[in-house]
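The block underneath contains the structure these notes are about, expressed in structure tokens.
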Amino acid sequence: GLDGPTDDDGDLKDRPPVVTIMGHVDHGKTSLLDALRQTDVVGGEAGGITQHIGAYQVKLKSGDKITFLDTPGHAAFSAMRARGANVTDIVIVVVAVDDGVMPQTIEAIKHAKAADAPIIIAVNKCDKVDADPTKVLTELLQHDIQVEAMGGDVQAINVSALKKTGLDELTEAISMQAELLELKANPDREADGIVIESKLDKGRGPVATVIVQRGTLKRGDILVAGGQWGKVRALVNERGQQMKEAGPTVPAEVLGLDGAPSPGDPFVVVDNEARAREITEYRQRMLKDKAASAPGA
Ligand code: GDP
């Protein structure tokens with residue numbers, strides 16, 4: 001099938017976690033994503049992460065790597081999950097200390113639980129005078145989130161995205177959680193993974209941002225994503241730099257597809273162009289049939 005060979009345990013190597021940040025509007029998701037970008041030791045040298053491609057990977061001082069989905073909002077997460085594309089390993093739920101648990105906080109907790117992804121609580125805006133994180137932690141108890149300070153096993157970290165405090169503690173908490181999950185993938189096989197964003201770029205043509213889940217994606221590979229295929233002409237990272245290849249959980253912009261796939265589409269690398277054509281023609285036919293048999297068509 002399209003899944004390719006299954007991997008033997010011996011082929012599996014540790015891989016970085018994929019992390020999504022969720023929470024109520026204005027609680028600081030975007031600010032926290034921006035602050036976390038700056039924990040990247042590589043970006044510090046190369047001038048930082050400059051492009052928004054839908055995801056970025058940071059390398060911490062410890063050498064650990066973390067991939068963040070840079071698509072705040074629950075809609076993208078739900079859309080991917082609805083399609084069975086479970087790309088997220090860990091969910092950070094951001095709660096603003098002055099606002100506390102709000103409807104979208106509860107929604108975020110539900111999403112994470114439904115996806116079976118462990119939660120880390122980031123109590124944000126702790127720079128505010130009168131900030132009382134304990135109040136937030138108590139509120140969370142009513143939503144089945146029992147943090148360590150309350151005798152449970154959910155990690156909660158006080159942060160300020162604005163003042164950039166608590167970020168080392170937060171990334172450490174992620175690394176610790178990732179270790180517990182024993183995340184592994186075989187890097188030595190044809191790549192597969194998920195499309196997280198795509199667009200039609202005026203100059204570059206169709207551009208899809210993918211996250212590799214297994215294997216290593218290479219320039220020149222023949223890639224099928226949803227109803228689209230193409231020979232990978234270039235792989236570009238979040239710094240706008242060309243990469244020769246992208247291993248497990250490395251986000252990459254893929255150039256060379258014949259059209260823009262949809263977010264949440266799985267992608268696979270196949271042996272040859274004939275196979276790619278066969279698969280995409282079949283998929284496009286299926287989509288047409290589905291549309292033709294839809295009510296009202
Ligand atoms: P989002 O809607 O969850 O993405 O929230 P934003 O990141 O856009 O932040 C909403 C507002 O809260 C903005 O005005 C931010 O400047 C502010 N904000 C975010 N983080 C902090 C923080 O740590 N401390 C303070 N005082 N304000 C913050």
Side-chain angles (χ1 to χ4, degrees), residues 17-40 43-44 48-58 60 66-81 87-115 117-140 143 145 147 149 154-174 196-197 199 209 211 238 251 263:
V18 180
V19 177
T20 303
I21 299 189
M22 292 201 264
H24 198 73
V25 63
D26 279 347
H27 280 202
K29 297 178 291 295
T30 312
S31 306
L32 192 56
L33 276 163
D34 285 343
L36 284 164
R37 275 170 216 268
Q38 294 167 30
T39 60
D40 184 36
I49 298 164
T50 50
Q51 320 274 315
H52 168 88
I53 67 167
Y56 63 86
Q57 192 174 67
V58 296
L60 307 173
I66 304 172
T67 301
F68 289 99
L69 285 193
D70 190 2
T71 45
H74 307 174
F77 187 81
S78 305
M80 276 188 219
R81 252 189 37 75
V87 74
T88 302
D89 299 304
I90 298 167
V91 172
I92 296 183
V93 177
V94 183
V95 192
V97 71
D98 52 344
D99 213 16
V101 173
M102 295 294 279
Q104 285 170 284
T105 317
I106 299 166
E107 198 185 298
I109 293 167
K110 282 187 186 149
H111 278 308
K113 288 195 169 168
I119 292 171
I120 295 172
I121 302 291
V123 183
N124 190 32
K125 310 198 184 185
C126 283
D127 56 281
K128 295 215 168 187
V129 283
D130 302 332
D132 180 10
T134 310
K135 189 162 166 277
V136 173
L137 303 184
T138 310
E139 284 174 9
L140 284 166
H143 304 282
I145 298 291
V147 304
V154 176
Q155 300 187 83
I157 313 292
N158 296 339
V159 302
S160 164
L162 189 72
K163 294 277 154 72
K164 303 194 169 44
T165 58
L167 300 178
D168 287 346
E169 289 83 351
L170 182 58
T171 51
E172 260 167 45
I174 296 168
I196 55 166
E197 266 189 24
K199 61 183 176 192
T209 299
I211 287 193
E238 60 271 18

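Everything quoted here is computed from the prediction, not taken from an experiment. Ligands are counted one by one from 1 in listed order, and the atoms in each one are counted from 1 as well. When reading the values below, keep in mind they use all heavy atoms of this one structure, side chains included, and skip hydrogens, waters and symmetry mates.
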Hey, which atoms in ligand 1 end up nearer than 4.0 Å to a heavy atom of His24? 3 (O)

N/O of Ala161 under 3.5 Å from N/O of ligand 1, yes or no? yes

Using a strict cut-off of less than 4.0 Å between a Lys/Arg side-chain nitrogen and an Asp/Glu carboxylate oxygen, indicate whether Asp99 and Lys125 qualify as a salt bridge. no

Pick from Lys125, Lys164, Lys128, Lys163: the one approaching atom 11 (C) of ligand 1 most closely through a non-hydrogen atom: Lys125

Between the candidates Ala35, Gly166, Ser160, Ser31, which shows the shortest non-hydrogen contact distance to atom 19 (C) of ligand 1? Ser31

Would Val159 count as a polar contact of ligand 1, with the cut-off being nitrogen or oxygen pairs under 3.5 Å? no

Let me confirm one number: the CG-CG distance from Leu36 to Leu32, rounded to the nearest 0.5 Å. 4.5 Å

Just wondering, do Pro251 and Thr67 contact through their side chains at under 4.5 Å, heavy atoms? yes

Given Val19, Val91, Val18, Leu33, the one that forms side chain to side chain contact (heavy atoms under 4.5 Å, CB included) with Leu69: Val18

Out of Asn124, Val25, Asp127, whose heavy atom sits nearest atom 25 (C) of ligand 1? Asp127

Value rounded to 0.5 Å, distance of CD1 in Ile121 from CG in Asn158: 11.5 Å

Give, for atom OG1 of Thr209 and atom CG of Asp70, the distance between the pair rounded to the nearest 0.5 Å. 10.0 Å

Within a distance under 4.0 Å of any heavy atom of Lys29, pick out the atoms of ligand 1 and give their elements. 1 (P), 2 (O), 3 (O), 4 (O), 5 (O), 7 (O)

